[in-house]
Colleague: 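This is the structure, below, for whatever I ask next.
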Amino acid sequence: MTVARRAVLSAGGTVAALALVAGCGSSGDPAASGNAAPGTLTVVASTNVWGAVASAVAGPDAQVRSIIADPAGDPHSYESTPADAAAITNANLVVANGGGYDTFVDKVTSTDDSAKAKTVEAFDLRPDKADDNEHVWFDPTTVKAVATQVADRLSASEPTQAAGLHQRAQAFEAQVDRIAAQTAAIGQSKPGTKVFSTEPIAHYLLRTAGVTDATPQDFVEAIENETDPSAASLVQVGNALSARQVSALVFNPQTETPVVTGLRDRAAGAGVPVVDVTETLPAGVTDYLQWVEAERAALAKAVGAPAQG
């Protein structure tokens, strides 16, 4: 995953809100300083994506702090602060992505055994251990596993809240399944659909959709290694976009480089739809399900699939 150079995001797509998630906290939360009221569940998440998942399960009375809550924040280069370390130490639960994505959490938990023991890393819960793509927040099975872990871990901290925690987890997981089924319908209605991606953050979303990411491997590897793709791969991708050999270009608007913005412009000029897929929740969005539903709907529209599965 390339170290992103961030740009300000805009929310993409309008969907019916699935209001299961409370807003994620900031560094000013009582959870950061250990001042939460007795019996109040506290969770620290590496990004607002995992904060939103945790909030859906923990409930409106819990305090959930997302360390990366700014859409312009970069998990790859972020350095944890003393306040972050204190929040992690004091929380009932820590939810991280893992897989080398949010190493700022690892730097804290590697020197604190108790913090490490109460950390859930989503990457470790992915069903296909051979798949090393770290962007697991788009994998339905992994997301459900995280929700289950949140309910189980927080129930152990506050047994009196166990029933509500597991009820919310089950409701959340049912909605994840619903969206996954609608996502799978994209490929079912448009078999053989191919797209290009400026970077592989939508890997699991495309896999669930049954849509092939046809981006040349050397292009992918160059982006992952933070180098410029070869001239040959740029020509190949650019010509394919101009010839409309793919149905869409999946673009991360949080990463702005001349190479990727040039491809976005090439796609737009050729009439190839551009699908914005982000790494964190856009400004104004706090609901994980709402966000994923918006990404699903945008992909369906771009490739000409029915709006609903």
Side-chain angles (χ1 to χ4, degrees), residues 18-69 80 83-98 101-102 104-106 108-109 112-126 136-137 139-177 281 286-292:
L18 299 168
L20 295 179
V21 180
C24 297
S26 67
S27 59
D29 286 344
S33 58
N35 294 329
T40 299
L41 293 169
T42 57
V43 182
V44 172
S46 61
T47 71
N48 61 3
V49 171
W50 295 116
V53 173
S55 293
V57 178
D61 296 328
Q63 291 180 350
V64 179
R65 176 180 185 257
S66 298
I67 294 175
I68 303 289
S80 59
D84 298 331
I88 289 171
T89 297
N90 293 323
N92 295 116
L93 181 68
V94 179
V95 182
N97 189 84
Y101 182 77
D102 39 17
F104 60 90
V105 174
D106 298 332
V108 176
T109 60
D112 185 338
D113 290 342
S114 64
K116 184 68 174 178
K118 63 185 177 185
T119 299
V120 173
E121 289 200 349
F123 188 74
D124 291 343
L125 302 177
R126 71 197 190 284
V136 289
W137 56 83
D139 179 57
T141 303
T142 300
V143 171
K144 290 192 299 177
V146 170
T148 296
Q149 281 287 306
V150 171
D152 290 347
R153 301 283 195 98
L154 292 181
S155 293
S157 296
E158 290 290 339
T160 59
Q161 299 189 37
L165 287 162
H166 286 105
Q167 183 179 35
R168 286 188 293 271
Q170 290 169 7
F172 176 82
E173 291 169 25
Q175 293 293 346
V176 172
D177 282 336
L281 301 184
T286 60
D287 188 316
Y288 170 85
L289 297 170
Q290 178 188 359
W291 175 58
V292 173

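Everything numeric in this text was worked out from a predicted model, so none of it was measured. Throughout, numbering of the chain's residues begins at 1 and tracks the sequence.
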Colleague: Look up atom OG1 in Thr148 and atom CD in Glu173, then write down how far apart they are to the nearest 0.5 Å.
Modeller: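 Going from OG1 on Thr148 over to CD on Glu173, the span is 3.5 Å.
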
Colleague: Write down the atom of Val95, the atom of Val43, and the distance for their closest heavy-atom approach.
Modeller: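 It is CG2-CG1, 4.0 Å.
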
Colleague: If you define the side chain from C-beta out and look only at heavy atoms, does anything of Ile67 sit under 4.5 Å from Phe104?
Modeller: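 When only atoms from C-beta onward are counted, Phe104 and Ile67 do touch, with a gap below 4.5 Å.
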
Colleague: Can you name the residues that form a salt bridge (Lys or Arg N to Asp or Glu O under 4.0 Å) with Asp102, not counting sequence neighbours?
Modeller: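 Counting only residues at least two positions away or on another chain, Asp102 forms no salt bridge (Lys or Arg N to Asp or Glu O under 4.0 Å).
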
Colleague: In Å, rounded to the nearest 0.5 Å, how long is the span from NE2 of His166 to CZ of Arg168?
Modeller: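 Between atom NE2 of His166 and atom CZ of Arg168 there are 11.0 Å.
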
Colleague: Return the minimal non-hydrogen interatomic distance between Trp50 and Ala96, and the atom names on each side.
Modeller: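 Result for this residue pair: CD1-C, 4.3 Å.
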
Colleague: State, to 0.1 Å, how close Lys118 and Thr89 come at their nearest heavy-atom pair, and which atoms those are.
Modeller: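 Scanning both residues completely, I find the closest heavy atoms to be NZ-O, 2.6 Å.
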
Colleague: Who pairs with Ser114 by side-chain hydrogen bond (donor to acceptor under 3.5 Å, both in side chains), at least two apart in sequence or on another chain?
Modeller: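 Only Asp112 meet the side-chain hydrogen bond (donor to acceptor under 3.5 Å, both in side chains) criterion with Ser114.
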
Colleague: What is the distance from atom CG of Leu165 to atom CG of Asp152, rounded to the nearest 0.5 Å?
Modeller: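 Leu165 atom CG to Asp152 atom CG measures 9.5 Å (nearest 0.5 Å).
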
Colleague: Give me the atom names and distance for the closest heavy-atom approach of Val136 to Val143.
Modeller: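 Nearest pair, atom of Val136 first, then Val143: O-CG2, 4.0 Å.
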
Colleague: Decide yes or no for Val44 and Val105: does some side-chain heavy atom of the first lie under 4.5 Å from some side-chain heavy atom of the second?
Modeller: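 No, every pair of side-chain atoms sits at 4.5 Å or beyond.
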
Colleague: Return the minimal non-hydrogen interatomic distance between Ala147 and Ala169, and the atom names on each side.
Modeller: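 Scanning both residues completely, I find the closest heavy atoms to be O-CB, 4.0 Å.
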
Colleague: For Asn48 and Leu281, indicate whether the former's side chain and the latter's backbone hold a donor-acceptor pair under 3.5 Å.
Modeller: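 The answer is yes, because a donor-acceptor pair under 3.5 Å joins these two groups.
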
Colleague: If you compare all heavy atoms of Val64 against all heavy atoms of Ala54, which two are closest, and at what distance to 0.1 Å?
Modeller: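 Scanning both residues completely, I find the closest heavy atoms to be CG1-CB, 4.5 Å.
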
Colleague: How long is the span from the CZ atom in Arg65 to the OG1 atom in Thr42, to the nearest 0.5 Å?
Modeller: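 Reported to 0.5 Å precision, the distance equals 11.5 Å.
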
Colleague: Going by the rule side-chain hydrogen bond (donor to acceptor under 3.5 Å, both in side chains), which residues pair with Arg153 if we only count those two or more places apart in sequence or in a different chain?
Modeller: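 Only Gln149 meet the side-chain hydrogen bond (donor to acceptor under 3.5 Å, both in side chains) criterion with Arg153.
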
Colleague: Using distance alone, with no hydrogens and no angle criterion, decide if Asn97 and Trp137 have a side-chain donor and acceptor under 3.5 Å apart.
Modeller: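 Trp137 and Asn97 do not have a side-chain donor-acceptor pair below 3.5 Å.
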
Colleague: With side chains defined as the heavy atoms from C-beta onward, is the minimum distance between Val176 and Leu289 less than 4.5 Å?
Modeller: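 Touching, per the 4.5 Å side-chain cut-off.
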
Colleague: My understanding is that only residues two or more places apart in sequence, or in another chain, count here; which of them pass ring pair (Phe, Tyr, Trp, His ring centres under 6.0 Å) with Phe123?
Modeller: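 Per chain and number, Phe123 pairs via ring pair (Phe, Tyr, Trp, His ring centres under 6.0 Å) with no residue.
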
Colleague: Could I get the full list of salt bridge (Lys or Arg N to Asp or Glu O under 4.0 Å) partners for Asp177, not counting sequence neighbours?
Modeller: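 Counting only residues at least two positions away or on another chain, Asp177 forms a salt bridge (Lys or Arg N to Asp or Glu O under 4.0 Å) with Lys144.
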
Colleague: Just jot down the side-chain hydrogen bond (donor to acceptor under 3.5 Å, both in side chains) partners of Ser80, sequence neighbours excluded, or say none.
Modeller: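 Applying side-chain hydrogen bond (donor to acceptor under 3.5 Å, both in side chains) to Ser80 gives none.
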
Colleague: What I'd like to find out is whether the side chain of Leu125 reaches to under 4.5 Å of the side chain of Val146, using heavy atoms alone.
Modeller: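 Contact flag for Leu125/Val146 side chains = yes.
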
Colleague: Rounded at 0.5 Å granularity, tell me how far CG in Leu93 sits from CG in Leu154.
Modeller: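 Atom-to-atom, Leu93:CG and Leu154:CG are 5.0 Å apart.
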
